[in-house]
There are 2 protein chains.
Amino acid sequence: MSRDDLAQGTETATETTDADRFTNARAIRSTALFEDYTELIADLTEEFGEARITDIARRLGVTHPTANKAVLRLKREGLAISRPYRGVFLTEAGAAMAREVKARHRLVVRLLIAVGVPPDAAEMDAEGIEHYVSETTLKAFEAYLEGRG
Amino acid sequence: MSRDDLAQGTETATETTDADRFTNARAIRSTALFEDYTELIADLTEEFGEARITDIARRLGVTHPTANKAVLRLKREGLAISRPYRGVFLTEAGAAMAREVKARHRLVVRLLIAVGVPPDAAEMDAEGIEHYVSETTLKAFEAYLEGRG
DNA sequence: ACAGAAATGTAGCCGATGCTATATTTAAAA
DNA sequence: TTTTAAATATAGCATCGGCTACATTTCTGT
Ligand SMILES: [Mn+2]
Ligand SMILES: [Mn+2]
Ligand SMILES: [Mn+2]
Ligand SMILES: [Mn+2]
């Protein structure tokens, strides 16, 4: 079941209920944090060769125990690895998530700017919006941006 | 401090840090649930004259104890009122939130459709996106839609 | 080499948001 | 009017994602 299918529920056919929409949004909310962490760890790794807990925490605007606990969850889910007192690294699954999220992030920002949103606001809003944009919508954004290249 | 200012932090001037973006997104995440509840209670009240816990729960796709607990929080925050075993009603503050969220919801759906997103996907994605669209972005959406009336 | 500083880890607290199981109350049927 | 069904409330459990306070480890400067 793909990310986009989460909302379809068990209906026999075409109808999408209100509950489906809310259930979809709840499912996404529970993965949004992981998406931000993997994207950030990928960025830090590219910049510094590794992602330190302190840097992760500072960039996210949380305390280091919060970042540490989140990294434990990432490791438990197979998205990252790390040894005590050392940097954090993404697994292949984590790196795949990071790539996917980063692509979504950039496309959302480009779309927002294309329809006239000021770049600062676009960057700000995209940080939340990016998690809720389905594959279908992403494709539409691409097509739209294409058609004004 | 308005909803849109939450992320600006305490910087003296223009620079927006990564942490500001994430902090903004976290602040919004913590109000998104209330926004969905007030919007839904307003809908149900319009449809049936009152919002029953059972109906709220069914439309959200959660169990009724979950809805009940959320309504307790809404009441505590001054967004709703209710008497035991009776329907839930919005306060003026709750109704104001509902109006604001509903307007945002509709505008996001319209914008998505305008750039080519299929209506079903637009409705689905808007349920999450709506909460993260700032006033600035909303204004830009309005201007964009205006300019193709 | 060692002392102090910085980074990391852990314990424990809290509120939010989900659930199931069980009362209690209200509404509907008999 | 009594019985039954439906709705609502409450209790209690779990996880997540924040925090502060404190312990441990690693790094750095002398
Ligand atoms: Mn994000
Ligand atoms: Mn992002
Ligand atoms: Mn919503
Ligand atoms: Mn909505």
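Throughout, protein chains are lettered first and strands after them, A, B, ... in sequence-line order, and every chain is numbered starting at 1. Below, each value reflects all heavy atoms present in this structure, side chains not excepted, and no hydrogens, waters or symmetry copies.
A/R76 comes within contact range of the sugar-phosphate backbone alone, with a heavy-atom separation under 4.0 Å but no base atom that close. Heavy atoms of B/R29 sit under 4.0 angstrom from primed sugar atoms or phosphate atoms, though from no base atom. At a threshold of 4.0 angstrom between heavy atoms, the contacts of A/T54 are confined to the sugar-phosphate backbone, with no base atom among them. At a threshold of 4.0 angstrom between heavy atoms, the contacts of B/R26 are confined to the sugar-phosphate backbone, with no base atom among them.
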Table of protein N/O atoms under 3.5 Å from nucleotides 11-13 of chain D N/O atoms:
unit_1	atom_1	unit_2	atom_2	d
D/dG12	O6	B/K69	NZ	3.1

Check: protein-nucleotides 23-26 of chain C nitrogen or oxygen pairs below 3.5 Å:
unit_1	atom_1	unit_2	atom_2	d
C/dT24	O2	B/Y85	OH	3.2
C/dT25	O4'	B/Y85	OH	3.2

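Atom pair A/I56:CD1 and C/dA7:P shows a separation of 14 Å (rounding to whole Å applied). At whole-Å resolution of the value, CD in A/E35 and C1' in D/dG17 are 17 Å apart. The interatomic distance linking A/R83 (CZ) with D/dT25 (P) rounds to 15 Å, in whole Å. The nearest whole Å value for the distance from the NZ atom in A/K75 to the C1' atom in C/dG9 is 11 Å. Atom pair B/L60:CG and C/dT17:C1' shows a separation of 12 Å (rounding to whole Å applied). Between the CZ atom of B/R58 and the C1' atom of D/dA7 there is a distance of 11 Å, rounded to whole Å. In this structure, B/I53 places its CD1 atom 9 Å from C1' of D/dA9, rounding to the nearest Å.
Judged by closest nucleotide on DNA chain D, A/F34 is the one of A/F34 and A/H64 placed further toward the 5' end. With the nearest nucleotide of DNA chain C identified for both A/A51 and B/E77, A/A51 has the one nearer the 5' end.
Between the side chain of A/T66 and the main chain of A/V62, no donor-acceptor pair closer than 3.5 Å is present. A donor-acceptor pair under 3.5 Å is absent between the side-chain atoms of A/D125 and the main chain of A/A122, judged by distance alone. Looking only at distances, no side-chain donor or acceptor of A/D36 sits under 3.5 Å from a matching main-chain atom of A/L33. Using a distance-only test at 3.5 Å, with no hydrogens or angles considered, a donor-acceptor pair links the side chain of B/R26 to the main chain of A/G61.
For B/E130 against B/E39, the heavy-atom pair with the smallest separation is OE1-OE1, 3.8 Å.
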Taking distance alone, no hydrogens or angles, what donor-acceptor pairs closer than 3.5 Å link side-chain atoms of residues 67-88 of chain B to residues at least two apart or in another chain?
unit_1	atom_1	unit_2	atom_2	d
B/K75	NZ	B/S82	O	3.0
B/K75	NZ	B/S82	OG	2.9

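Among the nucleotides D/dA9, D/dG18, C/dC19, the one closest to any side-chain atom of B/N68 is D/dA9.
Contact between the side-chain N/O atoms of B/T66 and the OP1/OP2 oxygens of C/dC19 is found at a separation under 4.0 Å. An OP1 or OP2 oxygen of C/dA16 is reached within less than 4.0 angstrom by no side-chain nitrogen or oxygen of B/R73.
The pair A/E47-A/R59 meets the salt-bridge criterion, with a side-chain N (NZ, NE, NH1 or NH2) lying under 4.0 Å from an Asp/Glu carboxylate O. Using a 4.0 Å cut-off between charged side-chain N and carboxylate O, A/K102 and A/E100 make no salt bridge.
Checking each of B/I28, B/L111, B/L138, B/L107 against B/V133 for a side-chain contact (heavy atoms from CB on, under 4.5 Å) leaves exactly one that passes, namely B/L138.
Residues B/T23 and B/D20 bring no donor and acceptor atom of their side chains to less than 3.5 Å of each other.
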